[in-house]
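Quick note: numbers below take in every heavy atom, side chains included, and nothing from hydrogens, waters or symmetry partners.
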Amino acid sequence: MLAQHGPIPLHWMPSTVHSVFSTQNAQQAALAARFERLGAARNYVGGPRFRARRLELPADSGTADNFRTDIWYRALVSKVTHWAELAEQNVGKLLLCSDNDISLLPGWVDALAWAFVDAGPVDVLFQREGGADAFFEPFPYNSGFFLMNGSAALGRFWRQVAARTASERPFTGDQAVVNSLLMPRGWGDDDLRCDDPLGIRHAHFPPRLVRGGPTPPADADELRAVRVHHATASGSAQGKLDALDGFLAAWLAAHNLTRAELALPPD
């Protein structure tokens, strides 16, 4: 069960939401616009600001499968380097860093901040890869969605992630390096393991709070508990849009809400 809390104290609230992405075609641009629009819907004065950093990727039409290409690795290194810069420039501030194939659902601000407090003391809180599936215990972190407390140590951590992603080019990119640095067993690849985790304190969000995957849970209580949906394993940009909208429709129905009540345009 998720802990029950009141409103989060202002000084514990994430100060900014950061996203790094490419907008090389209409579907990718739609993902970017959707992410910011939904995250800001029904937000309150003093809530987190959105800061987006677009990556222009040469020779990337946005329609081809660029998985594990030079362009893909270059984009990952640029993204992770940006996380390092943010950590170094925002010491002591809570920063939400996210891919843009995400729905931030009403109540997400307080829920994520309280999860960070409840997990503490931690420096970074990641999405739990694979939900509650025990298979992912050795590599539990999805680096596409995390909340971090800016620090020089986290800056060094993300720079190490960037350097190793560039030099080792692991199959799952920066996510493999993140897990290998922070977890004692990593992804089962001895070459990716590290004996010096840089003193980073880490944990993951409750899987019922931050959920990945293309489909909503069948259990209504489990669905209502979600405050963040990440369209992992959903294919292309259009596949992610379809998965996000399908999940949102199910979530709204479970809460007896409409898109209009969230200040969103109709389907």
Side-chain ion pair, Asp70 and Arg169, N-O less than 4.0 Å: yes

Note: Arg34-Asp245 ion pair, threshold 4.0 Å (strictly below): yes

Indicate, with yes or no, if [Y] and [X] share a hydrophobic cluster defined by side-chain heavy-atom contacts under 4.5 Å among Ile, Leu, Val, Met, Phe, Trp and Tyr.
| X | Y | value |
| --- | --- | --- |
| Val77 | Phe146 | no |
| Leu248 | Leu31 | no |
| Ile102 | Leu244 | no |

Any side-chain heavy-atom pair of Trp108 and Val226 under 4.5 Å: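 No; the side chains remain at least 4.5 Å from each other.
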
Side chain to side chain, Val161 and Leu181, heavy atoms closer than 4.5 Å: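 Heavy-atom side-chain distance check passes, below 4.5 Å.
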
Without swapping roles, check the side chain of [X] against the backbone of [Y] for a donor-acceptor pair under 3.5 Å.
| X | Y | answer |
| --- | --- | --- |
| Ser234 | Thr232 | yes |
| Thr172 | Gln175 | no |
| Asp133 | Phe136 | no |
| His255 | Arg224 | yes |

Shortest non-hydrogen contact between Asp123 and Gly199, atoms and distance: OD2-O, 3.9 Å

Using a 3.5 Å cut-off and no angle test, enumerate the donor-acceptor pairs between side-chain atoms of residues 88-97 and protein atoms at least two apart in sequence or in another chain.
unit_1: Glu88; atom_1: OE1; unit_2: Arg159; atom_2: NH2; d: 2.9
unit_1: Glu88; atom_1: OE2; unit_2: Arg159; atom_2: NE; d: 2.8
unit_1: Asn90; atom_1: ND2; unit_2: Leu86; atom_2: O; d: 2.9

Using the ring centroid of each side chain, check whether [X] and [Y] are separated by less than 6.0 Å.
| X | Y | answer |
| --- | --- | --- |
| His204 | Phe126 | no |
| Phe145 | Tyr141 | no |
| Trp114 | Phe205 | no |

Side-chain donor-acceptor contact under 3.5 Å, His230 with Asp101: yes

Sequence-distant partners of Asn256, side-chain hydrogen bond (donor to acceptor under 3.5 Å, both in side chains), two or more places apart: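 Per chain and number, Asn256 pairs via side-chain hydrogen bond (donor to acceptor under 3.5 Å, both in side chains) with no residue.
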
Set of side-chain hydrogen bond (donor to acceptor under 3.5 Å, both in side chains) partners for Glu85, sequence neighbours left out: none

